[in-house]
Amino acid sequence: MFICLDCNYIFDEPKMYTETHGLPYPPYETWGGCPKCSGAYDFAKECDVCGRCFAGEYVRIVDGTIICSNCYEIEEG
């Protein structure tokens with residue numbers, strides 16, 4: 001599962017995009033991006049406390065439980 005870093009859309013597979021730059025023949029530029037906005041993406045992690053998906057590093061793991069920054073702030077607060 002992936003999450004878009006621009007629009008936070010959750011998806012299973014990135015969409016492949018091709019940019020020809022106006023050239024009639026290859027090599028063309030190709031890249032994978034968010035199917036909704038073509039933005040950059042990362043692997044999605046799911047918080048074991050609230051169930052919210054997020055990108056990047058988890059805040060901490062306690063006894064194998066992944067905790068997002070929102071839940072970590074609640075626990076610390």
Side-chain angles (χ1 to χ4, degrees):
M1 189 162 46
F2 301 97
I3 186 169
C4 179
L5 301 176
D6 296 325
C7 71
N8 292 320
Y9 182 65
I10 307 293
F11 54 96
D12 292 325
E13 292 291 326
K15 180 179 176 183
M16 295 306 295
Y17 294 92
T18 301
E19 174 60 54
T20 65
H21 298 285
L23 298 174
Y25 52 86
Y28 299 135
E29 180 181 8
T30 59
W31 73 94
C34 170
K36 188 173 181 181
C37 75
S38 76
Y41 61 92
D42 196 358
F43 289 103
K45 296 168 187 69
E46 186 174 346
C47 177
D48 291 327
V49 175
C50 68
R52 183 179 74 90
C53 287
F54 61 98
E57 295 293 319
Y58 48 83
V59 171
R60 68 179 191 173
I61 296 181
V62 178
D63 297 325
T65 302
I66 296 174
I67 300 175
C68 71
S69 59
N70 290 340
C71 291
Y72 181 76
E73 289 175 9
I74 292 170
E75 283 187 7
E76 294 294 311

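We count residues from 1, following the sequence as given. What you see below is based on every heavy atom in this structure, not just the backbone, and it leaves out hydrogens, waters and symmetry mates. Note that this is a predicted model, so its numbers are computed, not measured.
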Please give me the minimum heavy-atom distance between [X] and [Y], naming the atom from each residue.
X: Asp6; Y: Gly39; result: OD2-CA, 3.1 Å
X: Cys53; Y: Ala44; result: CB-CB, 4.5 Å
X: Ile67; Y: Val49; result: CG1-CG2, 4.2 Å
X: Pro35; Y: Glu13; result: CG-O, 3.7 Å
X: Cys4; Y: Phe11; result: N-CE2, 3.9 Å

message: The criterion is ring pair (Phe, Tyr, Trp, His ring centres under 6.0 Å); which residues satisfy it with Tyr25, sequence neighbours excluded?
response: none

query: Among pairs that include at least one residue of residues 14-24, which meet side chain to side chain donor-acceptor pair (under 3.5 Å), considering only residues two or more places apart or in two chains?
result: His21-Glu29

Pairwise side-chain contact, Ile3 with Asn8, heavy-atom cut-off 4.5 Å (strictly under):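 A side-chain contact exists here, since the closest heavy-atom pair is under 4.5 Å.
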
message: To the closest 0.5 Å, what do you measure between CE (Met1) and CD1 (Ile10)?
response: 6.0 Å

- prompt: If you count the non-hydrogen atoms of other residues, nucleotides and ligands that lie under 6.0 Å from OH in Tyr28, is the total more than 12?
  reply: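 Check passes, neighbour count above 12.
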
Single hit among Tyr9, Phe54, Tyr41 for ring-ring contact (aromatic ring centres under 6.0 Å, His included) with Phe2: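 Only match with Phe2 under ring-ring contact (aromatic ring centres under 6.0 Å, His included): Tyr41.
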
